[in-house]
Amino acid sequence: VVAAVVVVALVCTWADRQRQHAEFNALIAKAADAQSTARDAGSKVLSTREYTMPLLVTSSSATVRTGLEQLIDQSAAKGAVSLRKDRNAVAAVSVWPWHGSLRHAQRATLAYLDQRIADLDSVAAGGDLSALNSTAAVAASDQAVRALRSAASTTGEAAQVIATFATSS
């Protein structure tokens, strides 16, 4: 009887570790997708600004300048929409309640993505482009990285975190 209890306990422990590993892999994959989307969104906004800059500075027509500014705003709005989809995918990753470090990592990743979305929304509303590199987003990224690295159970998983967030802007 004791041997059977030990075997059941070992199997349950093994199954829980396998599940935790699968949860981490799902979370880091969705976080990597979201991070890529965030980088692309910021790059597209800056590229749109760079493309429109000559006319933004030289055009004497207020209508032309307003139209060009709207292109920049629209680029940021599209990026925010795409990032919201990826944020929802991160939120949808199922993490068992007793996997506290993974739940914390998921919350920290969501907080980071929420900040990036808020920054894009700010630009879309006509805000300054410096919002794309906000100190709040950098701090939230650092917290997400710390939480994800803490949730990593192997050095390989920790390396995935570093690779995913190597450049947060």
Side-chain angles (χ1 to χ4, degrees), residues 23-95 101-152 155-169:
E23 289 170 350
F24 180 86
N25 285 337
L27 183 59
I28 197 67
K30 297 301 180 187
D33 291 345
Q35 181 67 347
S36 177
T37 298
R39 286 180 184 142
D40 289 347
S43 293
K44 286 177 183 175
V45 171
L46 294 175
S47 294
T48 302
R49 182 177 187 269
E50 186 176 329
Y51 178 75
T52 60
M53 192 58 153
L55 280 175
L56 273 171
V57 183
T58 61
S59 179
S60 59
S61 169
T63 304
V64 169
R65 287 191 309 274
T66 300
L68 294 172
E69 289 168 356
Q70 287 174 348
L71 287 175
I72 296 167
D73 298 347
Q74 290 169 359
S75 180
K78 286 179 185 176
V81 167
S82 295
L83 191 52
R84 275 187 185 87
K85 289 177 185 173
D86 284 350
R87 186 240 185 252
N88 291 340
V90 170
V93 172
S94 176
V95 177
S101 63
L102 278 170
R103 292 179 78 73
H104 175 68
Q106 186 178 38
R107 285 191 303 272
T109 302
L110 291 170
Y112 162 66
L113 295 172
D114 288 340
Q115 183 59 55
R116 292 296 298 260
I117 291 167
D119 294 345
L120 285 165
D121 285 341
S122 172
V123 173
D128 193 285
L129 289 174
S130 64
L132 295 176
N133 295 313
S134 73
T135 56
V138 171
S141 173
D142 290 346
Q143 289 177 346
V145 167
R146 280 193 301 276
L148 284 162
R149 287 187 73 191
S150 176
T155 55
E157 288 177 347
Q160 284 180 287
V161 173
I162 298 303
T164 296
F165 289 88
T167 313
S168 60
S169 34

Worksheet entry | Full working for side-chain contact (heavy atoms from CB on, under 4.5 Å) between Met53 and Glu50 | CA-CA 5 Å; Met53 192 58 153; Glu50 186 176 329; 5.6 Å; no
Discussion item. Return the CG to OG1 distance between Leu56 and Thr66, rounded to the nearest 0.5 Å.
Written reply: 9.5 Å
Discussion item. Using a 3.5 Å distance criterion without hydrogens, assess whether the side chain of Thr164 forms a donor-acceptor pair with backbone atoms of Gln160.
Written reply: yes
Worksheet item: In Å, rounded to the nearest 0.5 Å, how long is the span from CD1 of Ile28 to OG1 of Thr109?
Response: 7.0 Å
Fill in: Salt-bridge contact Lys85-Asp33 (side-chain N to carboxylate O under 4.0 Å)
no
Fill in: Nearest heavy-atom neighbours spanning Pro54 and Thr58
O-OG1, 2.6 Å
Worksheet entry | From Thr48 atom OG1 to Leu71 atom CG, the distance as rounded to the nearest 0.5 Å | 7.0 Å
Fill in: Derivation and outcome, side-chain contact (heavy atoms from CB on, under 4.5 Å), residues Val138 and Asn133
CA-CA 7 Å; Val138 171; Asn133 295 313; 6.0 Å; no
Practice prompt. Give, for atom CZ of Phe24 and atom CG of Leu148, the distance between the pair rounded to the nearest 0.5 Å.
Written response: 6.0 Å
Item to complete: Heavy atoms only: give me the nearest Val123-Ala131 pair and the separation to one decimal.
Response: CG2-CB, 4.0 Å
Practice prompt. Please step through side-chain contact (heavy atoms from CB on, under 4.5 Å) for the pair Lys30 and Asp86, ending with a clear verdict.
Written response: CA-CA 7 Å; Lys30 297 301 180 187; Asp86 284 350; over 6 Å; no
Worksheet item: Hey, what do you get for CZ (Arg39) to CZ (Arg116), rounding to the nearest 0.5 Å?
Response: 8.5 Å
Worksheet entry | Heavy-atom side-chain proximity of Glu69 to Thr52 below 4.5 angstrom | no
Worksheet item: When you measure from the side chain of Ser122 to the backbone N and O of Ala118, does any donor-acceptor pair fall under 3.5 Å?
Response: no
Fill in: Arg84 side chain reached by Leu120 side chain, heavy atoms, under 4.5 Å
no
Fill in: Heavy-atom closest contact (Ala137 atom, Ser134 atom, distance)
N-OG, 3.0 Å
Discussion item. Strictly distance-based, threshold 3.5 Å: is any side-chain N or O of Arg65 a donor or acceptor partner for the main-chain N or O of Ser59?
Written reply: yes
Worksheet item: For His104 and Ala147, which heavy atoms make the closest approach, and how far apart are they?
Response: CD2-CB, 3.5 Å
Discussion item. When you compare the side chain of Val161 with that of Glu157, does any pair of heavy atoms fall below 4.5 Å?
Written reply: no
Discussion item. Nearest 0.5 angstrom please: Gln35 CD to Ser141 OG, how far?
Written reply: 6.0 Å
Fill in: Where Ala144 and Tyr112 come nearest, the two heavy atoms and their spacing
CB-CB, 4.2 Å
Worksheet item: Can you name the nearest heavy-atom pair linking Leu27 to Val93, along with the distance?
Response: N-CG1, 4.0 Å
